[in-house]
Amino acid sequence: MDVDAVGLAESLREEAEYANERRLLVLAGDRKRGYDTLESILDTLPVPITETTLVGPDDRLRCEQLPQANASELLGTTRDVIAVDAHDELRPNALGKVVGAVDGGGLLVLLTPPLESWPDRHDGFDASLAVPPFSVDDVTGRFKRRLVETLRAHRGITIVDLESGRLDADGLTHPAPRMPSEPPTPPADHRFPTATYEACLTADQVDAVAALESLAEREQAVVLEADRGRGKSSAAGLAAGAYVAAGEDVLVTAPAARNAAELFERASELVEALGTDAVVEPRRIETAAGGSIRFREPATAVDDLESADIVVVDEAAALPVATLESLLAADRVAFATTIHGYEGAGRGFSVRFRDRLAESDHEVLDCQLVEPIRYAAGDPVEVWAFRALLLDARPPVDSLVADATPQTVDYRRLEPDDLLADERLLREAFGLLVLAHYRTEPADLARLLDAPNLEARALVHDGHVVSVALLAREGNLSPETRSMMYEGGRVRGNMLPDVLTSQLRDEAAAETAGLRVVRIATHHAARSRGLGSRLLECIREEFESAVDWLGTGFGATPGLLAFWRENDYRAVHISTTRNDASGEYSALMLAPTSDAGRALHDRHADWFVRRFAALCSDALDDLEPDVARAVLRSVVDRAGPPLALTDHEWRVVAGAAYGPGLFDVDPGPFRELVVRYFADDPDAVDLSDREERLFVLRVLQSRDWESVADRLGYHSTGQCMRALGDAVCPLVDHYGDAPALEVRERFAER
Ligand SMILES: CC(=O)SCCNC(=O)CCNC(=O)[C@H](O)C(C)(C)COP(=O)(O)OP(=O)(O)OC[C@H]1O[C@@H](n2cnc3c(N)ncnc32)[C@H](O)[C@@H]1OP(=O)(O)O
Ligand SMILES: Nc1ncnc2c1ncn2[C@@H]1O[C@H](COP(=O)(O)OP(=O)(O)OP(=O)(O)O)[C@@H](O)[C@H]1O
């Protein structure tokens with residue numbers, strides 16, 4: 001080989017150290033050659049093997065090894081060298097997670113096939129994009145082509161072509177010397193010992209530590225937000241160290257113990273600097289003053305909150321929203337989280353959890369850390385990663401779309417080739433999806449560009465994206481695939497047909513062809529003007545003759561259910577478990593566009609109405625009453641056949657409403673009546689929100705009188721019981737048949 005890859009890696013490393021930046025080395029070509037070269041490099045570089053990680057399928061080097069699927073383990077950690085073996089596959093999410101973990105002065109190494117042919121090779125990740133009825137041959141290579149172009153175009157990236165022995169780019173940037181920065185100064189007044197602040201590396205970190213002082217008060221939540229490597233975990237660690245030295249008990253949680261490693265390191269350094277008498281272990285610190293810092297996995301931490309004075313949640317973006325909510329039971333709690341979270345850590349925190357935090361009893365103190373610590377500002381590898389994975393994609397600035405209305409916008413197909421050719425369009429569309437959706441991740445960029453089953457559509461105002469939707473073709477599956485699903489087999493994509501077939505036991509469901517709206521978002525500066533509805537209308541016009549139904553599935557909230565209902569989508573199912581990332585139950589909705597689609601919708605709507613009450617007293621017994629009301633309201637027009645209450649059941653119901661009867665003796669007929677009320681024309685009977693919530697909590701979810709009375713603000717269980725009877729009266733008036741009305745008359749005469 002002509003090029004001296006080892007010498008080059010040494011120069012890269014030297015330059016990286018000098019500038020406190022990272023460098024990226026691409027070893028392109030035969031896999032074995034790539035590993036041989038990498039091994040020689042690692043043998044030569046003055047980097048301890050303990051600080052190196054190989055992210056790839058096989059344990060081929062002496063260092064730590066992780067498969068790409070487990071790349072999350074590196075979130076929040078710091079490594080000198082990370083090598084990613086991309087020969088079998090490249091998962092964009094894994095790349096997003098590992099880039100931020102490489103230390104200033106460190107190297108990211110990519111082992112790839114020859115760059116010229118890489119985009120045309122189908123790898124393991126591409127196979128995951130081959131959603132039936134499509135095959136892997138239908139998957140294109142645009143994401144990798146774009147990735148290769150960015151590798152070639154960006155500074156700080158060396159590309160060695162192992163086949164030709166050629167150096168495609170040397171990656172050296174010859175940085176000018178930087179002025180050493182002044183150490184930050186402690187705030188004028190502070191509660192923590194001065195050493196806590198002396199250990200800080202930036203002014204932002206000082207501010208973050210100062211913010212954490214407020215946890216000495218009651219009912220306080222502090223949120224530290226930053227991009228990767230800005231020192232938020234370390235700030236939390238320094239504060240934890242100060243608290244433990246003062247004898248407080250600090251409970252630390254994170255997705256895994258390793259994610260909290262930096263936190264413990266800073267805490268133990270501070271405990272030592274303060275000369276505190278303490279026992280220090282990797283996941284536990286105990287001081288003679290009676291303080292402790294303990295790590296607990298999130299599931300255990302939730303049960304252990306009572307025993308702690310202060311709770312610190314590290315890498316909060318990577319935790320399910322439901323877990324974050326449970327952690328709010330702690331009075332004094334700090335969350336350290338990434339701003340975008342989109343690099344694969346998840347956006348549940350910012351898109352969903354923020355609202356819950358604001359509604360909680362905690363006073364919330366926010367603190368952002370901007371200045372990088374792990375590596376210098378302007379680090380070329382961060383710049384590259386942001387661009388290659390669109391980590392910093394943003395929707396257009398507000399002023400560009402502020403005047404958009406359904407009349408000013410054009411409907412536009414976002415063809416993958418157009419998106420590749422127009423970086424601004426791509427950034428705007430993708431930025432809108434990232435900002436609005438907690439689930440959008442780097443893999444979605446690859447899906448958008450390469451997946452054969454996906455389409456994107458937008459409304460543009462003056463050429464700027466103001467509303468965007470990601471659509472997936474579903475159904476139209478072969479009899480073999482359908483029976484495989486019916487018998488419990490897994491199928492990729494096809495979310496709606498899959499649930500309708502495998503869970504709801506409808507073998508014919510996947511025969512019809514549909515289009516699922518996977519995500520939809522309107523620019524925040526232009527919401528509630530009918531743009532989202534206009535986009536759905538355009539999509540319907542474009543696709544209605546080609547499919548049997550349009551559909552959607554999303555974390556159910558009353559507002560979103562109203563949005564879809566207004567656009568003629570009808571609920572047919574609600575998931576029986578909460579979504580990990582959003583903490584919500586998912587609603588599935590259909591808008592039929594053909595007779596076959598209508599038949600599919602109608603039978604599922606009828607089944608849904610029939611099973612809803614039983615679900616509510618079982619898997620959905622904790623469904624928020626307002627979501628339950630909105631879901632049933634979204635079934636619309638599927639009230640089903642006439643109510644089948646027996647004469648005696650009518651007497652029981654009317655007796656409880658108008659006479660001395662009791663709901664408790666026979667809740668069944670009340671349930672049927674209440675479900676009918678919700679699923680029927682909303683103008684038929686007029687009840688208050690509180691009465692409807694009472695129906696959900698007591699009649700459908702079978703909560704006991706005491707807790708219902710308490711939750712809905714009734715003075716006593718007696719008052720709550722009378723309120724239920726009163727609420728049932730108009731239902732008896734509207735739906736009751738002769739025996740019910742007889743009961744009513746009899747008591748009315750008294
Ligand atoms: C499959 C999925 O993608 S579901 C997730 C939908 N997307 C999101 O949640 C991302 C953030 N939200 C958004 O981008 C927008 O609010 C959208 C896409 C939901 C709606 O787009 P808009 O352009 O505002 O829609 P449009 O103006 O046609 O309809 C708005 C109506 O929908 C309802 N609505 C939509 N979202 C909400 C909400 N979060 N809370 C209350 N009502 C809501 C309301 O009835 C609202 O009317 P109002 O403002 O007069 O009360
Ligand atoms: N005060 C400090 N003293 C010593 N090292 C620090 C300090 N603050 C940060 N660092 C170092 O900088 C790097 C990034 O810090 P830290 O892990 O706290 O940042 P982060 O914002 O939590 O990063 P991530 O998003 O990757 O979790 C780590 O290597 C850490 O050791």
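In listed order, ligands and their atoms are each counted from 1. Position 1 is the first residue of the sequence; numbering continues from there.
- Annotation: atom 8 (N) of ligand 2 to nearest protein heavy atom, Q205 NE2, 2.9 Å.
- When hydrogens are left out, the protein atom nearest atom 15 (O) of ligand 2 is G231 CA, 3.6 Å; that is the closest non-hydrogen contact.
- Across every non-hydrogen atom of A71 and V98, the tightest pair is CB-CG1, 4.0 Å.
- Atom numbering of ligand 2 starts at 1 in the shown order; those under 4.0 Å from a heavy atom of R230 are 19 (O), 20 (P), 21 (O).
- The shortest contact between atom 31 (O) of ligand 2 and any protein heavy atom is with E262 OE1, 2.7 Å.
- The backbone N or O of L238 sits nowhere less than 3.5 Å from a side-chain atom of R266 that would complete a donor-acceptor pair.
- A donor atom on one side chain and an acceptor atom on the other are found under 3.5 Å apart for R374 and T78.
- The main-chain N or O of R296 is found under 3.5 Å from a side-chain atom of T253 such that the two form a donor-acceptor pair.
- The E315 neighbourhood of ligand 2 comprises atoms 24 (P), 27 (O), with distances under 4.0 Å to a heavy atom of that residue.
- In the vicinity of T78, heavy-atom distances shorter than 4.0 Å reach the ligand 2 atoms 28 (C), 29 (O).
- When the shell of 6.0 Å around CD of E297 is examined, it contains more than 12 heavy atoms from other residues, nucleotides or ligands.
- Partners of P187 by side-chain contact (heavy atoms from CB on, under 4.5 Å), not counting sequence neighbours, listed by chain and number: H190, Y197, V206, A210.
- E64 and T53 form a side-chain donor-acceptor contact under 3.5 Å, judged by distance and modelled atom types alone.
- Every residue meeting the side-chain contact (heavy atoms from CB on, under 4.5 Å) condition with L274, not counting sequence neighbours, appears here in chain and number order: P193, A195, A245, L270, T276.
- Counting only heavy atoms from C-beta outward, the side chains of L496 and W549 approach each other to under 4.5 Å.
- For Q407, the side-chain hydrogen bond (donor to acceptor under 3.5 Å, both in side chains) test picks out T405, with sequence neighbours left out.
- Between the side chains of T557 and E584, not a single donor N or O lies within less than 3.5 Å of an accepting N or O.
- Of the polar atoms of A199, at least one N or O is found under 3.5 Å from an N or O of ligand 2, judged by distance alone.
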In a simple table, one pair per line, please give the protein and ligand 1 atom names for every N or O pair closer than 3.5 Å, along with the distance.
| residue | atom | partner | partner atom | Å |
| --- | --- | --- | --- | --- |
| ligand 1 | 3 (O) | I520 | N | 3.0 |
| ligand 1 | 7 (N) | I520 | O | 2.8 |
| ligand 1 | 14 (O) | T522 | N | 2.8 |
| ligand 1 | 14 (O) | T522 | O | 3.4 |
| ligand 1 | 14 (O) | R527 | NE | 3.3 |
| ligand 1 | 21 (O) | T522 | OG1 | 3.1 |
| ligand 1 | 23 (O) | T522 | OG1 | 2.8 |
| ligand 1 | 23 (O) | G532 | N | 2.7 |
| ligand 1 | 24 (O) | S528 | N | 2.7 |
| ligand 1 | 27 (O) | S528 | N | 3.4 |
| ligand 1 | 27 (O) | R529 | N | 3.1 |
| ligand 1 | 27 (O) | G530 | N | 2.6 |
| ligand 1 | 28 (O) | S533 | N | 2.9 |
| ligand 1 | 28 (O) | S533 | OG | 2.5 |
| ligand 1 | 34 (N) | G559 | O | 3.4 |
| ligand 1 | 49 (O) | S528 | OG | 2.4 |

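- With hydrogens and angles ignored, the 3.5 Å screen pairs a side-chain donor or acceptor of S634 with a backbone N or O of A630.
- Not a single heavy atom of E265 sits less than 4.0 Å from an atom of ligand 2.
- The shortest contact between atom 7 (C) of ligand 2 and any protein heavy atom is with L201 CD1, 3.5 Å.
- When heavy-atom distances to ligand 2 are checked against a 4.0 Å cut-off, K232 comes that close through both its backbone and its side chain.
- Ligand 2 has no N or O atom lying under 3.5 Å from any N or O atom of E269, backbone or side chain.
- The aromatic rings of F192 and Y243 sit perpendicular, their planes meeting at an angle over 60°, well past the 30° parallel limit.
- R374 NH2, 3.5 Å is the protein heavy atom nearest to atom 14 (C) of ligand 2.
- At under 3.5 Å, a nitrogen or oxygen of S233, whether backbone or side chain, sits near a nitrogen or oxygen of ligand 2.
- No more than 12 heavy atoms of other residues, nucleotides or ligands lie within 6.0 Å of CZ in R283, so this atom counts as exposed by the packing criterion.
- Within the 4.0 Å heavy-atom cutoff, G229 counts among the residues contacting ligand 2.
- The distance criterion of under 3.5 Å between nitrogen or oxygen atoms is not met by L238 with respect to ligand 2.
- Taking only nitrogen or oxygen atoms, main chain and side chain alike, T77 does not reach within less than 3.5 Å of ligand 2.
- Polar contact check, S234 against ligand 2: a nitrogen or oxygen pair lies under 3.5 Å apart.
- Of the listed options T196, I373, L270, I373 places a heavy atom closest to atom 11 (C) of ligand 2.
- Between the side chains of E542 and Y411, at least one donor-acceptor pair of N or O atoms lies under 3.5 Å.
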